Amino acid sequence: MPVNISDVMSGKKIELIPRDPGKIGIYVCGVTVYDRCHIGHLRSMLSFDSIIRHLEYRGYIVNYVRNFTDIDDKILNRAEEIIEGENGDWRKHERYLTYTENEWNQRLDDDRKIREINKSSGNPLALDVSDYFISQFEADISPYGMRAPDVQPRVSTHMDDIIDLIRKIIANGFGYESGGDVYFDVEAYHSETGNYGVLSRRDYSQLREGARVSPGDLKKNGVDFALWKAARAGEVSWDSPWGKGRPGWHIECSAMSCNYLGTSFDIHGGGKDLIFPHHENEIAQSEAGYREKFARNWMHNGFVTVDGVKMSKSLGNFLSLDDAAQLAQPETWRFLVLSVHYSSPIDFSRTRKNAEGEIIRGSVDVAAERVQYFYQTIARVNELLENIEIMSDVPSIKPEIAGRLVEKFNNAMDDDINTAVAITYLGEAAKAINELASMKKKEVRKIGEESYYFTLSELRRELMICASVLGIFQRNPNEFLEEMKNFEIKRRGLTHNEIQSVIDLRKEAKDNRNFNKADELRDSLLEKGIMIKDMPGFTTWDIRF
RNA sequence: GGCGACGUCGCCAAGCGGUAAGGCAGAGGUCUGCAAAACCUUUAUCAUCGGUUCGAUUCCGAUCGUCGCCUCCA
């Protein structure tokens with residue numbers, strides 16, 4: 001069965017037909033490295049990770065390109081702010097109004113480190129800023145186990161490609177130089193192709209009316225955008241036919257994607273917020289310069305929302321990857337992302353009480369609990385199957401799922417990478433495993449041990465195949481569960497010793513048949529998210545989300 | 001204001017023309033000193049109103065509501 005994807009350009013779900021049979025070239029807009037990343041970036045990368053993993057699982061040779069925009073206005077601003085120093089006027093800027101104390105501490109700490117690096121690097125400060133945040137980015141995302149891009153091009157090392165593309169655009173009559181800047185002539189492009197605004201479903205004439213040309217503007221037209229910006233005094237710059245300067249935003253993605261994937265390639269991806277103007281402008285530039293259809297398919301991931309509202313810096317409701325690492329383990333984040341279709345928004349929430357005082361489980365806590373459930377299930381089946389010889393010529397006792405799991409999973413994933421549905425099939429398999437695992441010996445003998453163990457083994461085999469495509473449940477289950485316990489008690493401000501001492505006190509109470517006291521002690525831990533479990537002959541505990 | 005998306009059980013979330021997956025929470029059960037885990041059973045006609053169709057949650061139109069983009073953003 002072919003892989004179908006929702007193409008944003010056509011607005012339809014279509015069969016993915018690669019330009020070169022068996023190969024997929026995909027370009028995903030990466031990050032602009034002027035600051036630390038947030039969970040919106042993480043969601044985007046994890047979403048595309050699942051897309052790429054599935055394509056590779058389906059046998060495609062995937063060429064994955066994800067850029068770093070390391071030259072940009074925001075990076076230059078950051079460099080200027082660092083030069084101004086910790087007490088500069090920049091701190092009064094609107095965008096810093098919502099900064100918390102922690103955010104300020106981190107911000108100033110980063111600035112200090114960059115300043116230190118710059119003292120001995122001999123580089124322009126702006127490039128040290130981007131270098132620093134690229135390292136930070138790599139450190140922040142490494143725990144998530146994502147399929148690394150084949151190429152991670154940077155703007156600063158692709159100036160020749162960018163300048164070359166701008167020359168082509170001008171030569172073709174779609175760009176003009178103005179006072180050291182170069183602009184894209186949207187009017188010329190649209191009047192020839194009628195194509196401007198097609199991806200974002202915007203009406204060109206309205207866009208044109210809406211865009212004002214302010215006095216002193218070097219543009220012919222309000223909708224025109226910069227391909228090249230002349231350097232201001234002191235700024236890092238590159239030589240070009242139009243004088244010293246740097247690329248405008250958008251052109252780098254056109255030049256780098258086409259450089260690595262060809263001027264017409266299979267999939268272009270990124271966050272939904274990039275559709276306009278970034279991707280619209282990329283299309284215009286690329287097609288104006290290379291005179292060929294740019295990306296053949298467009299895929300965009302949805303936002304992360306917090307309590308239903310888009311995460312944004314101005315609202316002060318964004319979570320950095322540092323926050324993410326404090327809140328939940330990498331696999332929980334991955335699971336949360338996979339449990340929603342990539343194009344839908346993910347509402348991030350913590351467990352809280354509603355107006356009626358009822359407990360509403362937060363999405364992160366629910367995800368963590370499910371991850372725990374799956375690992376416990378895998379640990380359980382591993383234990384059951386240890387030293388068991390599996391017969392293969394026996395009937396399955398779970399025919400609706402064992403032997404069909406991979407097929408169902410594939411169908412869901414082939415249907416626009418529907419990880420949300422795919423994951424529910426993993427849930428069916430885990431449930432079937434637990435059902436079998438809960439059976440008494442007598443029941444097992446009744447249905448036949450050979451079928452019983454064969455079915456368990458099949459369920460585990462298929463579960464692990466699917467999980468590996470999704471990039472989850474690859475750890476040793478017992479090690480993972482131990483790590484999860486440590487992570488969660490730390491987050492709850494508890495230690496193993498504290499928990500053990502409550503358990504000891506409770507055992508004493510139980511031995512004295514003082515069950516009220518024993519229950520009180522148990523409930524005291526439960527309030528802190530620790531569940532005591534009485535096992536045959538001993539007592540243990542587990543995390544409760 | 002323009003454009004776009006969405007509105008499915010208390011909460012989250014699939015569904016893409018044939019009479020509503022799954023998870024969480026709730027209720028009942030097996031188990032247990034009581035619990036917990038695990039498993040079993042159980043809870044919806046899909047914002048509203050029209051239209052197309054043999055048949056619509058799925059297509060079209062209108063209304064209400066929510067959100068996003070239109071300035072930097074994954």
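Keep in mind it's a predicted model, so treat the numbers as computed, not measured. Note on naming: letters A, B, ... go to the chains in the order of the sequence lines (proteins, then strands), and numbering restarts at 1 for each one.
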Inset, instruction - Please state how far atom NE2 in A:His93 lies from atom P in B:C72, giving the value in whole angstrom units. - result: 13 Å

Legend entry - Under 3.5 Å side-chain donor-acceptor pair for A:Glu282 and A:His278: yes

Inset, instruction - Determine the sole option in A:Tyr144, A:Phe68, A:Tyr34 for which the ring-ring contact (aromatic ring centres under 6.0 Å, His included) test with A:Phe137 is passed. - result: A:Phe68

Inset, instruction - Determine the contact category for A:Gly40: base if any of its heavy atoms lies under 4.0 Å from a base atom, sugar-phosphate if only primed atoms, P, OP1 or OP2 are that close, otherwise nothing. - result: base

Distances under 3.5 Å only, N/O to N/O: pair up the protein atoms with those of nucleotides 16-18 of chain B.
{"from": "B:C16", "atom 1": "N3", "to": "A:Lys13", "atom 2": "NZ", "distance (Å)": "2.6"}
{"from": "B:C16", "atom 1": "N4", "to": "A:Lys13", "atom 2": "NZ", "distance (Å)": "3.0"}

Inset, instruction - Using heavy atoms to find the nearest nucleotide of RNA chain B for A:Ile39 and A:Tyr425 separately, return the residue whose nucleotide is more 5′. - result: A:Tyr425

Inset, instruction - Take atom CD1 of A:Ile532 and atom P of B:G33, then tell me their distance rounded to the nearest Å. - result: 16 Å

Legend entry - Listed nucleotide nearest any side-chain atom of A:Ile360, set B:A74, B:C34, B:C11: B:C11

Inset, instruction - Give none if B:C72 has no partner; otherwise give the nucleotide forming a Watson-Crick or G-U wobble pair with it, both distances under 3.5 Å. - result: none

Legend entry - Nucleotide B:A36, atom C1' - distance to CG of A:Asp523 in whole Å: 11 Å

Legend entry - Verify stack between A:Phe515 ring and B:G33 base, 5.5 Å, 30 degrees: yes

Legend entry - Selected nucleotide, minimal atom distance to A:Arg201 side chain, candidates B:G4, B:G68, B:G33: B:G4

Legend entry - Minimum-distance nucleotide (side-chain atoms of A:Val304 versus B:G33, B:C24, B:A74): B:A74

Legend entry - Base-pairing mate for B:G17 - Watson-Crick or G-U, with both contacts under 3.5 Å: none

Inset, instruction - Check A:Tyr204, A:Phe225, A:Phe184 against A:Tyr189 for a ring-ring contact (aromatic ring centres under 6.0 Å, His included) and give me the one that passes. - result: A:Phe184

Inset, instruction - Name the nucleic acid region contacted by A:Gly270, choosing base, sugar-phosphate or nothing; use a 4.0 angstrom heavy-atom cut-off, strictly under. - result: sugar-phosphate

Inset, instruction - Under 4.0 Å between any heavy atoms, over every strand shown, what does A:Val28 touch: base, sugar-phosphate, or nothing? Just pick one. - result: nothing

Inset, instruction - For B:C12 versus B:G18, give the span between their P atoms, rounded off to a whole number of Å. - result: 27 Å

Inset, instruction - With heavy atoms under 4.0 Å as the rule, sort A:Gly197 into base, sugar-phosphate or nothing. - result: nothing

Legend entry - Aromatic ring proximity A:His279/A:His250, centre distance under 6.0 Å: no

Legend entry - Qualifying residues under side-chain hydrogen bond (donor to acceptor under 3.5 Å, both in side chains), relative to A:Gln329, sequence neighbours excluded: none

Inset, instruction - Check whether NZ of the Lys or CZ of the Arg A:Arg334 lies under 6.0 Å from the centre of the six-membered ring of A:Phe473 and within 45 degrees of that ring's axis. - result: no

Inset, instruction - Between B:A14, B:C3, B:A74, spot the one nearest the side chain of A:Val340, thanks. - result: B:A14

Legend entry - For A:Glu407, side-chain contact (heavy atoms from CB on, under 4.5 Å) partners two or more places apart: A:Arg404, A:Asn411

Legend entry - Gap in Å between the two P atoms, one belonging to B:C69 and one to B:A37, rounded: 41 Å

Inset, instruction - Please check the phosphate of B:A14 (OP1 and OP2 only) for any side-chain N or O of A:Ser344 closer than 4.0 Å. - result: yes

Inset, instruction - Sticking with atom C1', work out how far B:C39 lies from B:U45, rounded to a whole angstrom. - result: 30 Å

Inset, instruction - Return the nearest nucleotide to the side chain of A:Arg202; candidates are B:A74, B:C11, B:C69. - result: B:C69

Legend entry - Residue-phosphate contact under 4.0 Å: A:Arg361 side-chain N/O, B:A25 OP1/OP2: yes

Legend entry - B:A47 versus B:U58 - spacing of their C1' atoms, nearest Å: 15 Å

Legend entry - Proximity to the side chain of A:Phe276 - top-ranked nucleotide from B:C24, B:C69, B:A74: B:C69

Inset, instruction - Sticking with atom C1', work out how far B:U63 lies from B:G7, rounded to a whole angstrom. - result: 13 Å

Legend entry - Atom pair distance, as rounded to whole Å: CG in A:Asp203 and C1' in B:G2: 9 Å

Legend entry - Position toward the 5' end of RNA chain B (nearest nucleotide), A:Leu207 or A:Arg506: A:Arg506

Inset, instruction - Any strand is fair game: report the nucleotide pairing with B:G65 by Watson-Crick or G-U wobble, both distances under 3.5 Å, or none. - result: B:C6

Inset, instruction - Verify whether one side chain among A:Gln136 and A:Asp110 offers a donor that lies under 3.5 Å from an acceptor in the other. - result: no

Inset, instruction - Please give the nucleotide sitting opposite B:G33 as a Watson-Crick or G-U wobble pair, both distances under 3.5 Å, or none. - result: none

Inset, instruction - Using whole Å, report how far CD of A:Glu520 lies from P of B:A35. - result: 17 Å

Inset, instruction - Describe the nucleic acid contact of A:Met535 in one word from base, sugar-phosphate, nothing, applying a heavy-atom distance below 4.0 Å. - result: nothing

Legend entry - For A:His41, all residues meeting ring-ring contact (aromatic ring centres under 6.0 Å, His included), sequence neighbours excluded: A:His38

Inset, instruction - Check whether more than 12 heavy atoms from other residues, nucleotides or ligands sit under 6.0 Å from atom NZ of A:Lys507, and answer yes or no. - result: no

Legend entry - Nearest-Å distance for atom pair CZ/P, residues A:Arg36 and B:A74: 17 Å

Legend entry - Polar contact flag, side-chain donor to acceptor under 3.5 angstrom, A:Asp416-A:Tyr342: yes

Inset, instruction - Provide, to the nearest angstrom, the distance between the NZ atom belonging to A:Lys510 and the C1' atom belonging to B:C34. - result: 9 Å

Legend entry - A:Trp228/A:Tyr183 aromatic ring centres below 6.0 Å: no

Inset, instruction - Give one of base, sugar-phosphate or nothing for A:Ser44, where a contact means two heavy atoms less than 4.0 Å apart. - result: sugar-phosphate

Legend entry - P spacing across the pair B:U48 / B:C54, given as an integer number of angstrom: 24 Å

Legend entry - Rounded interatomic separation in angstrom, taking CD from A:Gln372 and P from B:A36: 15 Å

Legend entry - Assigned partner base of B:U42, Watson-Crick or wobble definition, under 3.5 Å: B:G26

Legend entry - B:C31 phosphate, OP1 or OP2, under 4.0 Å from A:Lys440 side-chain N/O: no

Inset, instruction - Classify every nucleotide of nucleotides 37-45 of chain B by which part a protein heavy atom approaches to under 4.0 Å, writing B for the base, S for the sugar-phosphate alone and - for neither, in 5'-to-3' order. - result: -SSS-----

Legend entry - For A:His93, all residues meeting ring-ring contact (aromatic ring centres under 6.0 Å, His included), sequence neighbours excluded: none

Inset, instruction - State the pairing partner of B:U58; accept Watson-Crick or G-U wobble contacts with both distances under 3.5 Å, and report none otherwise. - result: none

Inset, instruction - Taking atom C1' in both B:C9 and B:G26, compute the distance separating them and give it to the nearest angstrom. - result: 12 Å

Legend entry - B:U57 versus B:A20 - spacing of their P atoms, nearest Å: 9 Å

